[in-house]
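The structure under discussion appears below in the form of structure tokens.
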Amino acid sequence: MRGWLLRFPRALPAALFLIIASITFLSVYGIEKTAQERSRGEVREYARSIASALDRRGNSFSSYLRAGAALFSTTQEVDPRTFYQFVDELRLDQHYRGAEGIGWATALESDEVDTFLQRVRLRQPGFPDIRRVAQEGDDRVAPVTYFSPDTSRNRQALGFDMYSEPVRAAAMDEAKRTVLPTASGKIILANESVAETPGFVIFMPVYKPVPGSAAQARELAGFVFSAFDAGKFLDAAIERAPPGDLGVRLYDGAEQDANLVVSRSLGAAGTDRFEQPVKIANREFVLIVDSTGSKAMGTLSMVTLVAGLALASMLMLVLRLLASQAIEDRARLVFFEEQHSIRNTLSRELNHRVKNALANVLSILSLTRRRASDLDNFADSLEGRIQALSATHDLLAEAEWGTVPMRAVIQAETQHLVEEHSANLVVEGPPVQLAPNDALSFGLAIHELATNAATFGALSAANGTARISWHLSGDELAVVEWIEEGGPVVSETRKRGFGTELIQKIVAHELKNRVELEFPPTGVRCVMRVPVRMRGDFKIREARPSFE
């Protein structure tokens with residue numbers, strides 16, 4: 001795991017977040033899907049309960065009409081006393097909301113209308129003339145003779161010819177064919193004078209025995225019927241509160257605007273639609289329930305979503321912190337390894353430099369002893385050369401043992417001559433960097449040349465001059481020239497001193513280049529070739545790499 005965190009410090013936390021977030025969204029989707037299915041099941045069950053209630057109410061009224069038909073078929077003529085006594089026993093106004101009442105329509109031929117009106121007006125004074133929707137057409141006539149309960153609205157239906165309206169006529173013909181209670185299609189109730197109220201009528205044919213004929217001979221006497229306000233009939237069937245925002249529509253047959261009997265609309269288009277066939281009094285209706293569904297997320301879904309995203313964010317943060325910690329740990333480990341390597345390198349370097357310094361000191365000590373004339377001369381010469389080494393060491397220490405400028409080495413080794421001979425000492429040349437070992441050897445050579453010039457050479461005379469100049473020969477070599485002029489004449493029989501041997505042997509060996517040392521009469525001339533190094537070559541380590 002740690003290796004993966006180091007390889008993918010950002011991708012791994014992001015991948016974990018996406019995985020947990022995906023699982024959360026799938027869980028929320030499953031919860032919402034289950035909730036929707038449960039809601040749909042409730043709505044579907046609700047639609048079935050409404051359809052069942054409509055069917056029961058239709059069957060109940062059909063039973064009453066059957067009973068009425070059985071009673072009325074036993075008499076030659078349905079008189080007001082028989083009809084109203086039957087209706088009073090039903091008490092429809094107390095138990096059956098939506099029913100406008102029960103009525104009786106007498107079946108007549110067109111030539112029997114006048115006789116019918118005379119007869120019925122003897123029993124019901126003020127009975128209106130027969131009203132027809134279509135004045136021409138069918139010779140059959142079925143005027144509404146009685147309608148109970150006796151209200152001002154229901155009285156408006158008296159005298160209306162049922163056969164004159166095609167929808168009612170079709171239902172009456174079907175009832176005659178099947179001898180069953182039969183519902184009509186959508187109609188406008190005939191007892192409304194203010195507003196058009198949609199509804200339907202259930203008809204039950206009544207047959208009476210034919211006088212003087214065989215017992216089986218019967219003829220149509222009329223229809224016992226019940227009229228219904230479709231809206232009230234549907235509202236009465238909705239027995240319980242809906243499980244959500246629902247719209248209910250009842251169609252007479254196919255779902256078409258022309259067939260819409262009644263609607264309890266949502267006021268907006270539903271997202272779910274449930275269709276349930278309903279059979280009311282031998283006629284097929286279609287009940288449709290519209291549900292808007294729940295647009296808002298459920299409480300459980302919200303809790304799951306918030307908890308899942310919070311967990312995903314927290315784990316991503318924890319994993320990111322672990323990745324950062326792993327990166328820091330690796331960086332520290334690399335740093336400690338570098339430090340350990342540096343300490344080892346420094347130890348080896350220090351050991352090497354100490355050995356070199358001791359070797360130089362021993363060489364200087366040995367040569368100085370051989371050339372010293374007395375103890376004081378030995379001590380002075382040894383002290384000056386040790387100080388020369390010390391001055392260059394100070395420069396290297398300040399530069400953290402990196403490269404040092406050649407000019408700085410020359411200035412350090414000629415520091416003791418500046419106050420007295422500054423006008424007689426000329427230093428010129430381009431910027432050049434020297435490696436530590438090369439700087440030590442070069443500084444020792446400059447010290448010897450400067451000390452000799454101040455004691456025996458050009459710097460010992462008032463008009464003498466010592467010139468130190470250098471130039472680059474290629475990219476890796478600086479040619480340094482020491483020239484003395486105006487000093488005492490150099491004797492051809494001069495003795496070979498320690499400085500000569502130090503420069504020609506030790507310095508030449510350390511610089512790995514030949515040193516030209518000449519003693520013409522005009523003054524000492526020395527040419528040294530010193531290796532040039534770039535600063536970057538001597539850095540023990542580069543900056544630590546970034547692991548971010």
Is there a side-chain contact between [X] and [Y] in this structure, where contact means two heavy atoms from C-beta onward sitting under 4.5 Å apart?
X      : Y      : result
Arg140 : Leu108 : no
Tyr146 : Pro80  : yes
Ile187 : Val201 : yes
Pro181 : Asn282 : no
Val144 : Met162 : yes
Ile202 : Thr182 : no
Arg44  : Gln276 : no
Lys208 : Thr75  : no

Please find the pair of heavy atoms, one from [X] and one from [Y], that lie closest to each other, and give the distance.
X      : Y      : result
Ala47  : Leu287 : O-CD2, 3.5 Å
Gln256 : Tyr251 : O-CE2, 3.1 Å
Ala105 : Ala142 : CB-O, 3.8 Å
Ser226 : Gly101 : OG-O, 3.0 Å
Gly308 : Thr24  : CA-OG1, 3.2 Å
Pro277 : Ala51  : O-CB, 4.5 Å

Distance check, rounded to the nearest 0.5 Å: [X] atom [atom1] versus [Y] atom [atom2]?
X      : Y      : atom1 : atom2 : result
Ser22  : Phe17  : OG    : CZ    : 9.5 Å
Phe83  : Ile102 : CZ    : CD1   : 7.0 Å
Leu26  : Ile31  : CG    : CD1   : 11.0 Å
Leu180 : Arg283 : CG    : CZ    : 14.5 Å
Thr145 : Ile130 : OG1   : CD1   : 8.0 Å
Ser184 : Met172 : OG    : CE    : 10.5 Å

For [X] and [Y], which I'm curious about, is there any donor-acceptor pair between the side chains at under 3.5 Å?
X      : Y      : result
Asp114 : Gln118 : no
Thr82  : Asp79  : yes
Asn59  : Asp55  : yes
Ser27  : Thr304 : no

Would you call the rings of Phe233 and Phe61 parallel, tilted or perpendicular, where under 30° means parallel and over 60° means perpendicular?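 Rings of Phe233 and Phe61: tilted, 30 to 60°.
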Parallel under 30°, tilted from 30 to 60°, perpendicular over 60°: which one fits the rings of Tyr163 and Phe223?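 Ring orientation of Tyr163 relative to Phe223: perpendicular.
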Does [X] reach the main-chain N or O of [Y] with its side chain, forming a donor-acceptor pair under 3.5 Å?
X      : Y      : answer
Asn259 : Gly253 : no
Ser341 : Glu337 : no
Glu109 : Asp111 : no
Ser52  : Arg48  : no

Please lay out, stage by stage, how Leu54 and Leu234 fare under the test side-chain contact (heavy atoms from CB on, under 4.5 Å). CA-CA 7 Å; Leu54 291 174; Leu234 179 63; 4.2 Å; yes
Checking Thr34 against Arg38 for the side chain to side chain donor-acceptor pair (under 3.5 Å) test, could you report, in this order, the C-alpha distance in whole Å, the side-chain angles of both residues, the deciding distance, and whether it holds? CA-CA 6 Å; Thr34 302; Arg38 182 173 63 251; over 6 Å; no
Quick one: do Arg332 and Asp329 satisfy salt bridge (charged side-chain N to carboxylate O under 4.0 Å, His left out)? Show the steps, please. CA-CA 5 Å; Arg332 290 192 186 97; Asp329 291 344; 3.3 Å; yes
Does Val224 form a side-chain contact (heavy atoms from CB on, under 4.5 Å) with Met204? I'd like the steps, not just the answer. CA-CA 5 Å; Val224 58; Met204 179 64 194; 3.7 Å; yes
Working for side-chain contact (heavy atoms from CB on, under 4.5 Å), residues Val262 and Arg249: CA-CA 6 Å; Val262 64; Arg249 291 173 287 156; over 6 Å; no
Are [X] and [Y], when compared by the centres of their aromatic rings, separated by less than 6.0 Å?
X      : Y      : result
Phe72  : Trp104 : yes
Tyr64  : Phe86  : no
Phe274 : Tyr46  : no

Sole candidate of Arg168, Arg132, Arg131 that passes side-chain hydrogen bond (donor to acceptor under 3.5 Å, both in side chains) when paired with Asp161: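 Of the listed options, the one satisfying the test is Arg132.
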Just to verify, what does Arg177 make a side-chain hydrogen bond (donor to acceptor under 3.5 Å, both in side chains) with, not counting sequence neighbours? Glu174
Start with the C-alpha gap between Leu65 and Phe225, add the side-chain angles, then the distance that decides, and say whether side-chain contact (heavy atoms from CB on, under 4.5 Å) holds. CA-CA 7 Å; Leu65 296 180; Phe225 66 89; 5.6 Å; no
Listed partners of Glu37 passing side-chain contact (heavy atoms from CB on, under 4.5 Å), at least two apart: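 For Glu37, the residues satisfying side-chain contact (heavy atoms from CB on, under 4.5 Å) (neighbours in sequence not counted) are Lys33, Arg40.
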Report, as yes or no, whether the 6.0 Å neighbourhood of atom OH on Tyr29 holds more than 12 heavy atoms from other residues, nucleotides or ligands.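 Count not over threshold, so no.
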